[in-house]
Number of protein chains: 2
Amino acid sequence: MDKKLTIKDIAQLAGVSKGTVDRVLHKRGKVSQKALDSINAVLEQIDYEPNLIARNLKNNKIYSICVVLPNPESDSYWQPCIKGIEQAKKEFKAFNLSISSYYFDPEDTESFIAVNKNVLSLAPDAVLLAPLFYKEALEAVEKYTEQDILVNTFNNQLESEEIRNFVGQDLHQSGRVAAKLIDSIAQKGQIAIVHFDEKFKNAVHMQEKEKGFRNYFSQKGNSDYEITTLKLKRKNYETKFEDFLKENGNLKGIFITTSKAYQIAEIIEKTKKDDISLIGYDLLDKNIAFLNLGTIDFLINQNPKQQVYLGLSFLVDHFIFGKEINHSALLPIDIVNSENASYYME
Amino acid sequence: MDKKLTIKDIAQLAGVSKGTVDRVLHKRGKVSQKALDSINAVLEQIDYEPNLIARNLKNNKIYSICVVLPNPESDSYWQPCIKGIEQAKKEFKAFNLSISSYYFDPEDTESFIAVNKNVLSLAPDAVLLAPLFYKEALEAVEKYTEQDILVNTFNNQLESEEIRNFVGQDLHQSGRVAAKLIDSIAQKGQIAIVHFDEKFKNAVHMQEKEKGFRNYFSQKGNSDYEITTLKLKRKNYETKFEDFLKENGNLKGIFITTSKAYQIAEIIEKTKKDDISLIGYDLLDKNIAFLNLGTIDFLINQNPKQQVYLGLSFLVDHFIFGKEINHSALLPIDIVNSENASYYME
DNA sequence: CACAAAAATGTGCTCGAACACACTAATTTT
DNA sequence: AAAATTAGTGTGTTCGAGCACATTTTTGTG
């Protein structure tokens with residue numbers, strides 16, 4: 001049972017003290033060429049891995065991480081994030097960690113700014129941020145970075161040098177997945193891309209999905225479908241969509257780019273039309289209900305729970321085990337129907 | 001920044017020494033009622049979590065884990081397992097772990113017995129086993145358990161008291177997922193369930209999938225489909241399947257219960273019939289090729305890579321962090337089309 | 001050559017849990 | 001009542017990395 005080699009072993013093999021080996025490993029200088037050579041010779045022969053457990057023993061600081069996300073009560077898309085945070089807390093309970101959540105109002109830029117200001121004043125070690133408002137998020141990230149607070153993002157991609165990590169999905173590709181699904185199930189005819197546009201906050205999101213969706217069909221060529229885009233606002237979406245249905249009798253499929261597919265499904269269900277295929281996003285209870293009913297054919301899982309969990313576990317890996325943080329982690333684009341939905345919800 | 005409470009802190013609060021606290025925590029006895037009471041009083045007030053890092057520092061044993069699985073060269077379904085093992089090795093490199101793989105011939109019961117005998121003689125701390133052969137696997141598990149070797153299984157479920165853990169999928173539900181997919185895409189007509197029957201080694205597997213598939217339609221009632229089962233053997237599958245195609249002109253969908261969908265796809269492709277929907281299993285290169293071509297409509301990902309990785313990480317959690325091992329972990333049943341396949345492969 | 005400054009190297013302590021062992025106090029035995 | 005036994009308690013060491021500090025060696029300069 002050959003145990004792992006330690007710094008002490010290397011020191012012995014190289015004929016120096018562990019202090020010298022330590023200086024070589026950490027490039028702290030103050031080492032003679034002779035000692036350096038003999039230690040390097042040993043290091044080349046053996047495969048030294050520092051014992052992370054021992055390394056972290058000394059470091060008995062409690063790392064505090066703040067998660068900044070929209071209030072799940074305002075938009076239930078974010079509900080699963082709570083579970084993701086709980087899971088991370090449970091999983092990492094044994095380490096010196098303190099994870100706390102801070103909610104902002106997804107409809108209110110000011111609230112986003114205020115919450116970030118508050119979190120900044122708490123001076124945590126890291127922030128996991130859902131950067132819903134582009135400009136304000138960049139400013140927040142800058143301030144955090146000034147205070148040496150590590151910032152990671154999830155859900156929305158933000159182009160910034162300071163961001164060490166992003167956990168989310170490729171929205172363009174997600175649009176292509178939806179297109180392929182429509183292509184698999186919808187009859188020849190018209191296809192509508194429906195954006196539920198609440199104060200444009202998801203504008204970039206929805207545009208990327210639309211681009212991907214259209215890209216699939218234009219790349220494929222000679223399509224059986226005519227694709228139109230429909231923008232709906234919260235206030236009058238019902239009448240506006242009902243009008244759209246009347247005007248477009250040949251509608252065979254709808255791709256809803258937000259998590260509000262159930263609102264379309266409700267209307268479709270009333271019209272008793274069963275030849276319109278519906279593809280939407282996210283496993284909200286209301287969406288699942290229509291999925292089970294057959295009104296919605298497929299949902300694409302953006303996996304908010306996993307996004308938060310992974311984002312947190314990257315931070316833990318970084319703080320506790322000194323691992324480098326990847327620049328970005330793209331989660332799989334899960335295709336969900338009534339039969340496999342439960343596995344993605346729990 | 002209040003740091004975590006240690007044994008020393010508890011000792012101070014209770015007015016005893018850390019040794020006494022240690023005896024209470026580990027129920028080693030030799031503690032007076034008075035000391036016990038005062039320590040318990042402290043423990044009730046605070047929420048003590050032992051520092052796992054410190055606990056494991058002392059324990060500098062190298063844990064050896066053997067993975068026993070079919071030779072990926074005999075059946076490329078198992079190919080991703082190698083990556084799963086590599087990933088686990090990389091991820092857990094920093095801990096005192098030694099993970100090694102042992103292959104058996106999936107067509108040869110004797111080889112399964114021999115490999116397990118060999119692994120048994122190596123006396124590892126744990127074995128992660130793909131229990132392909134039911135009876136022999138039970139015997140092997142029994143022998144391992146006699147030697148106090150922890151056994152976990154993946155891919156195939158095995159009913160046994162000794163098994164602490166299983167990582168895999170619910171095959172019945174996976175059949176239902178396939179049925180729902182067929183129901184979404186196939187035109188009215190005949191549906192065939194195709195079993196590729198290699199020496200019955202997967203018999204239980206395939207039967208469970210078929211049951212789930214049929215269960216979906218019988219539960220739904222008034223189906224547009226007539227379902228037949230076709231068993232093919234490796235030798236003459238081509239002619240047999242071609243005959244089947246000729247005899248069943250109204251065939252609209254095929255559910256292949258193994259990873260050999262590409263063999264059916266090859267034949268379908270030749271006939272130039274494009275109104276037959278194909279659902280199969282597993283992201284083999286050949287399957288992916290037909291998925292991209294459009295011959296295969298969906299693949300169900302059984303995720304062998306993740307199965308092995310999770311199985312190993314459960315063992316690591318157990319050995320390194322003293323976590324309890326769950327009895328079973330059912331992985332999601334991923335629906336894969338040409339657009340989201342890459343996320344499940346890497 | 002002396003002697004200071006700088007460079008190189010080694011020593012020793014820390015982290016928290018676990019446990020061996022030494023030690024004291026209480027109890028029983030002779 | 002002294003000796004022996006046992007119950008109860010505290011102390012000290014270990015694990016490996018990291019780092020402060022002490023110590024030794026080398027180099028430079030008058």
Side-chain angles (χ1 to χ4, degrees), chain A residues 1-40 42-43 46-63 93-97 319-323, chain B residues 1-40 42-43 46-63 93-97 319-323:
Chain A
M1 193 72 59
D2 53 340
K3 55 198 277 301
K4 260 183 119 174
L5 288 164
T6 71
I7 282 193
K8 221 167 142 187
D9 297 322
I10 298 172
Q12 205 163 26
L13 287 167
V16 294
S17 76
K18 71 195 178 86
T20 308
V21 175
D22 180 69
R23 274 182 286 271
V24 171
L25 288 174
H26 292 83
K27 301 199 173 93
R28 279 196 250 276
K30 312 226 171 187
V31 174
S32 69
Q33 195 60 46
K34 194 179 136 200
L36 186 70
D37 290 345
S38 67
I39 290 169
N40 277 334
V42 174
L43 286 177
I46 64 145
D47 179 34
Y48 174 69
E49 279 290 331
N51 184 328
L52 294 183
I53 289 175
R55 171 179 289 172
N56 283 286
L57 178 58
K58 189 99 194 251
N59 192 1
N60 62 338
K61 172 173 167 28
I62 290 192
Y63 290 99
K93 195 169 58 171
F95 302 110
N96 286 330
L97 278 185
F319 285 131
I320 305 292
F321 297 115
K323 287 194 187 157
Chain B
M1 196 67 62
D2 51 342
K3 55 198 277 297
K4 258 184 124 174
L5 288 163
T6 70
I7 282 192
K8 221 167 143 186
D9 298 321
I10 298 172
Q12 206 162 26
L13 287 168
V16 294
S17 74
K18 66 194 178 90
T20 307
V21 176
D22 181 70
R23 274 182 288 270
V24 172
L25 288 173
H26 293 83
K27 299 194 176 103
R28 278 196 250 277
K30 310 225 173 188
V31 175
S32 68
Q33 194 60 45
K34 195 180 134 200
L36 185 69
D37 290 344
S38 66
I39 291 170
N40 276 333
V42 174
L43 286 177
I46 64 146
D47 179 34
Y48 174 69
E49 282 286 335
N51 183 328
L52 294 182
I53 288 174
R55 171 179 289 171
N56 282 288
L57 178 58
K58 191 90 197 260
N59 190 2
N60 63 338
K61 173 174 167 30
I62 290 193
Y63 291 98
K93 197 167 55 170
F95 303 109
N96 286 329
L97 279 183
F319 285 131
I320 306 291
F321 298 114
K323 288 198 186 154

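We name chains A, B, ... by the order of the sequence lines, and we start the count at 1 in each one.
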Does Ser17(A) have a side-chain nitrogen or oxygen under 4.0 Å from the phosphate oxygens OP1 or OP2 of dG10(C)? yes
Please give, in whole Å, the distance from dA18(C) P to Ile53(B) CD1? 13 Å
Report yes if the side chains of Ile53(B) and Ile320(A) come closer than 4.5 Å at any heavy-atom pair, otherwise no. yes
Could you state the atom-to-atom distance from CG of Asp37(B) to P of dG8(D) in whole Å? 13 Å
Option from Ile10(A), Leu5(A), Leu13(A) for which side-chain contact (heavy atoms from CB on, under 4.5 Å) with Leu43(A) holds: Ile10(A)
In this structure, how many angstroms lie between the P atom of dA17(D) and the CD atom of Gln12(A), rounded? 14 Å
Would you say a side-chain N or O of Arg55(A) is under 4.0 Å from OP1 or OP2 of dG16(D)? no
Does Ser32(B) make a side-chain N or O approach to OP1 or OP2 of dA7(D) shorter than 4.0 Å? no
Whole-Å distance separating the NZ atom of Lys34(B) from the C1' atom of dA26(C): 13 Å
Measure distances between side-chain N and O atoms of Arg23(B) and base N and O atoms of dG10(D), and say whether any donor-acceptor pair falls under 3.5 Å. yes
Where each residue is assigned the nucleotide of DNA chain D containing its nearest heavy atom, which of Thr20(B) and Lys58(B) is assigned the position nearer the 5′ end? Thr20(B)
Nearest whole Å is fine: how far is dT9(C) C1' from Arg28(A) CZ? 14 Å
Ala54(B) vs Ala35(B), nearer the 5' end of DNA chain D by closest nucleotide: Ala35(B)
Give a yes or no answer on whether the side chain of Asp37(A) reaches the backbone of Lys34(A) with a donor-acceptor pair at less than 3.5 Å. no
Nearest to the Lys30(A) side chain among dT9(C), dA18(C), dT9(D), which nucleotide is it? dT9(C)
Base of dG18(D), side chain of Lys18(A) - is there a donor-acceptor contact under 3.5 Å? yes
Can you tell me how far P of dA18(C) sits from CG of Leu25(B), to the nearest Å? 8 Å
I want to verify a distance call: between dG18(D), dG16(C), dG10(D), whose nearest atom is closest to the Val16(B) side chain? dG10(D)
Nearest 0.5 Å please: distance from the CG atom of Leu57(A) over to the CG atom of Asn56(B). 11.0 Å
Nearest-Å distance, CG (Asp22(B)) to C1' (dG12(D))? 14 Å
To the nearest angstrom, how far is Gln33(A) atom CD from dT26(D) atom P? 16 Å
For a side chain to side chain contact (heavy atoms under 4.5 Å, CB included) check, start with the C-alpha distance between Val16(B) and Val31(B), then their side-chain angles and the critical distance, and finish with the verdict. CA-CA 11 Å; Val16(B) 294; Val31(B) 175; over 6 Å; no
Which one, dA18(C), dA17(D), dC15(D), comes nearest to the side chain of Leu57(B)? dC15(D)
With a 4.0 Å limit, can you tell me whether Tyr48(A) has a side-chain N or O closer than that to the phosphate oxygens OP1/OP2 of dA17(D)? yes
